[in-house]
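Okay, so here's the structure we're looking at.
Quick caveat: nothing in here was measured; it's all calculated off a predicted structure. In what follows, chains are A, B, ... by sequence order, proteins preceding strands, each numbered from 1.
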Number of protein chains: 2
Amino acid sequence: MKAGNMARRMSKTRKTKDKGSKSGKKRATSYDVAELAGVSQSAVSRVFQDGASASKAMRERVMAAADKLGYRPNAIARGLITQRSNMVAVVISKLTNLYYPEVLVQLTQRFSERNVRVLLFALEREGDTGSVVEQMLQYRVDGVITAAMFSPEQLRTIESAHIPVVFYNRTSREPLVSSVRCDQEAGERWLVDELVRAGHRSFGVVEGPEDSVVSIERKMGALNELTQLGITDVTTVSGDFGYETGRACFSELVEKRGNVPDAVIAANDVMAIGCIDEAREGHGLHVPDDISIVGFDGVGPARYAAYDVTTVRQPVQRMTESAASMLLERIERPELSPEKRAFSGIPIRGGSARLLKTGE
Amino acid sequence: MKAGNMARRMSKTRKTKDKGSKSGKKRATSYDVAELAGVSQSAVSRVFQDGASASKAMRERVMAAADKLGYRPNAIARGLITQRSNMVAVVISKLTNLYYPEVLVQLTQRFSERNVRVLLFALEREGDTGSVVEQMLQYRVDGVITAAMFSPEQLRTIESAHIPVVFYNRTSREPLVSSVRCDQEAGERWLVDELVRAGHRSFGVVEGPEDSVVSIERKMGALNELTQLGITDVTTVSGDFGYETGRACFSELVEKRGNVPDAVIAANDVMAIGCIDEAREGHGLHVPDDISIVGFDGVGPARYAAYDVTTVRQPVQRMTESAASMLLERIERPELSPEKRAFSGIPIRGGSARLLKTGE
DNA sequence: TTGAAAGCGTTACCAG
DNA sequence: CTGGTAACGCTTTCAA
């Protein structure tokens, strides 16, 4: 029973011999450090842990040996024994509104601060989720944040592995999953209310890709509120969240109606900008005198002087912060029940819509 | 010597007993599958490998058992024994031109296709590289793609761990590192040449953050070519790649000069757009009749009708593809020497600059 | 083709 | 506080 371990230590010893202190071929292990420091391997392990018990003298000897050898604890090996990879999966797809590059960066930073690494998955089509699920499970991620949809079956697969999931701006019908989202219905309601208050009566609605949940939420939010207010002159067309289809949609809208509506509600800022350009160039209209155009998101270009889009900004910072902590909490305490958080968007009164002054 | 292993198998057996086929508490291992299939653990391992030798019968038995148990090979354990994590680090920073959200997505997809996972690192400040290096080494990534700078010392640290590195749009003075970049000097040269050919004689140059290598390359590319052509009436101001500073820079430029230059060369499209807005709104100028303004990157907003920026587009697709394959090649064959690839940008003649017609 | 056994580099547990 | 030893879940010889 001891033989095995002796053999191991011997082989270690051999390895250490045939390498200099720096440029050796294989990376140093805790055994190498232990040997150099003249202590046990367990001691080395403890020195590199958080709540470890190690005397000051020990700590110093070990540290000295460690950085002489360029030793770094192997996170892979650690993950194997602790059953914690300290990695979370972040899933995005083409349909994910990447007009916020910050989302990814901020999420990563939030996790970094808490000593958690991010394994990034990008889906070509939304349908690729299958292999992604497979991969995250193989890599034993501790949790998942997804801005893409998973099928109920995939969700069950993940859940059966006891991996907590947080949806980002994707509300799932499943009641038992956690999510963080911007309250898009409320945002659309604000936009519609303001437009109607200012006298707009006929509307065009430009929706995004048919399979985007975000787009559907926004469209329904707007349509419901319009109905609520008794507005029936509403025409809907759909694009893909991109600038070009924004332009195309505007023309299609006008053609379909046979006239220009009082206002256009676009599913996002980029399409709103497309609409503005097409209204101006393609139809000689003045924005907002002839027509009001509003978007959603509050991305950078919406603030460019040429557009100054009236929109609702997503509180990205708070959303990412929230998503990260919800996930980490659930990793720490798996018994926690799912939770859905919705953040209100921030209304922005730009020059692209003719609204009443605040307080009027 | 045998005792240890017996104990192991016994404990496995026990575990299997107290769990149903699906909702058990712990995840199934190859031992569990082996037992259920009535074969050895090695056999299971082989079935889940690529070039393995396993009879058809065996394969079927094992597969059946495996998905009854919801078994998935543990990539962490595999990495430990094979010394290959199949993960690469991708490093970005705030200064990284994230106006291309695609870069990250495409890189990730390129790696995915080749069965390699991406570990994402985002730096708050460029200075944070220290802990990032530490983390990538701890996680034993097989390679690194970085769009942030590393100090020579950090570079040596990584190299001494025999981890190949590819720089993305960061040329390093070090001759021994691989890199993929857009040839920004050439791009700026094209812009300057076209402007001068069309009669522009006085210039403003708007550079980005002082510590951004990309910005410096672009500025130097433009200044050198201007000098080359004998143009001396050049004023330089600097911003931070953002829209607001683009606007501020334009005003600063005019104030500093006491007049309006014939053309402005901005370090990127976003600042060019800022300049255009400020020229129009702040100074009542007409673009391009009163002044020509050019940018760099070829981002989406540069194509919006209100700006139509004359610019040079980076061939993002080819660059990411190239970066990914360069890195994977070097992971496969560590003896390969470093290589630097520069891709020409794609000139775009937009309406923001008064240029001669092609062929004139 | 198959199975037994030895690691991979850690942490966890248990005596001293 | 310290050291010895058993996992963790896999791949990889080496015999059979």
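- Rounded to whole angstrom, the span from the CG atom of B/D32 across to the P atom of D/dC8 amounts to 10 Å.
- Inter-residue side-chain proximity for A/N86 and A/D142 is flagged as met; some heavy-atom pair is nearer than 4.5 Å.
- For A/S40, counting side-chain heavy atoms from C-beta on, the closest listed nucleotide (C/dT2, D/dC10, D/dG3) is D/dG3.
- For the pair B/N74 CG and D/dA7 C1', the computed distance is 14 Å after rounding to whole Å.
- The CZ atom of A/R46 sits 7 Å away from the C1' atom of D/dC1 (whole-angstrom rounding).
- Using a 4.0 Å heavy-atom cutoff across all strands shown, A/Y71 reaches sugar-phosphate atoms only and no base atom.
- Tested against B/L120, the residues A/L104, A/V90, A/L107, A/V105 include a single side chain to side chain contact (heavy atoms under 4.5 Å, CB included) partner, A/L104.
- Scanning atom types as modelled, one donor and one acceptor separated by under 3.5 angstrom connect the side chain of A/S42 and the base of D/dG4.
- With A/K68 contributing its side chain and A/L36 its backbone, the two residues share no donor-acceptor pair below 3.5 Å.
- Remark: P of C/dT10 and CD of A/Q49 are 11 Å apart, rounded to the nearest angstrom.
- B/S30 has a side-chain polar atom (N or O) that falls below the 4.0 Å cut-off from OP1 or OP2 of D/dC10.
- For DNA chain D, if you chain together Watson-Crick or G-U pairs that step i with j, i+1 with j-1 and so on, the runs of at least three with distances under 3.5 Å are C:1-16 with D:1-16.
- Between A/T29 and the phosphate of C/dG9, there is no side-chain N or O to OP1/OP2 separation shorter than 4.0 Å.
- Between B/Y31 atom OH and C/dG3 atom C1' there is a gap of 11 Å when expressed in whole angstrom units.
- Evaluation of the salt bridge (charged side-chain N to carboxylate O under 4.0 Å, His left out) rule for B/R110 yields B/E113, B/E321 as partners, not counting sequence neighbours.
- Where B/R140 and B/A43 each meet DNA chain C at their nearest nucleotide, the meeting point lying more 5' is that of B/A43.
- For B/E339, the salt bridge (charged side-chain N to carboxylate O under 4.0 Å, His left out) test picks out B/R330, B/R341, with sequence neighbours left out.
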Donor-acceptor contacts, no H, no angles, side chain residues 54-65 of chain A, under 3.5 Å, sequence neighbours left out:
residue: A/S55; atom: OG; partner: A/M58; partner atom: N; Å: 3.2
residue: A/R59; atom: NH1; partner: A/A54; partner atom: O; Å: 3.3
residue: A/R61; atom: NE; partner: A/A37; partner atom: O; Å: 3.0
residue: A/R61; atom: NH2; partner: A/A37; partner atom: O; Å: 2.3

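- D/dT12 atom P lies 16 Å from atom CZ of B/F48, rounded to whole Å.
- Whole-Å rounding puts the B/Q41 CD to D/dC8 P distance at 13 Å.
- Regarding B/I76, its CD1 atom lies at a distance of 18 Å from the P atom of C/dC8, rounded to whole Å.
- Residues B/V88 and B/F111 have side chains in contact (heavy-atom distance under 4.5 Å, counting atoms from C-beta outward).
- Residues satisfying the salt bridge (charged side-chain N to carboxylate O under 4.0 Å, His left out) criterion with A/E153, sequence neighbours excluded, are absent altogether.
- Contacts of B/S45 with the nucleic acid, taken as non-hydrogen atoms under 4.0 Å apart, include base atoms.
- Of the possible polar contacts, none joining the A/D67 side chain to the A/G70 backbone as a donor-acceptor pair under 3.5 Å is found.
- At a non-hydrogen distance threshold of 4.0 Å, B/L80, B/I81, B/Q83 from residues 80-88 of chain B come into contact with DNA chain C.
- Among the protein residues, B/A54 comes within range of the sugar-phosphate backbone only, with heavy atoms under 4.0 Å from sugar or phosphate atoms but none that close to a base.
- Ion pairing between A/E332 and A/R114 fails under the 4.0 Å rule for side-chain N and carboxylate O.
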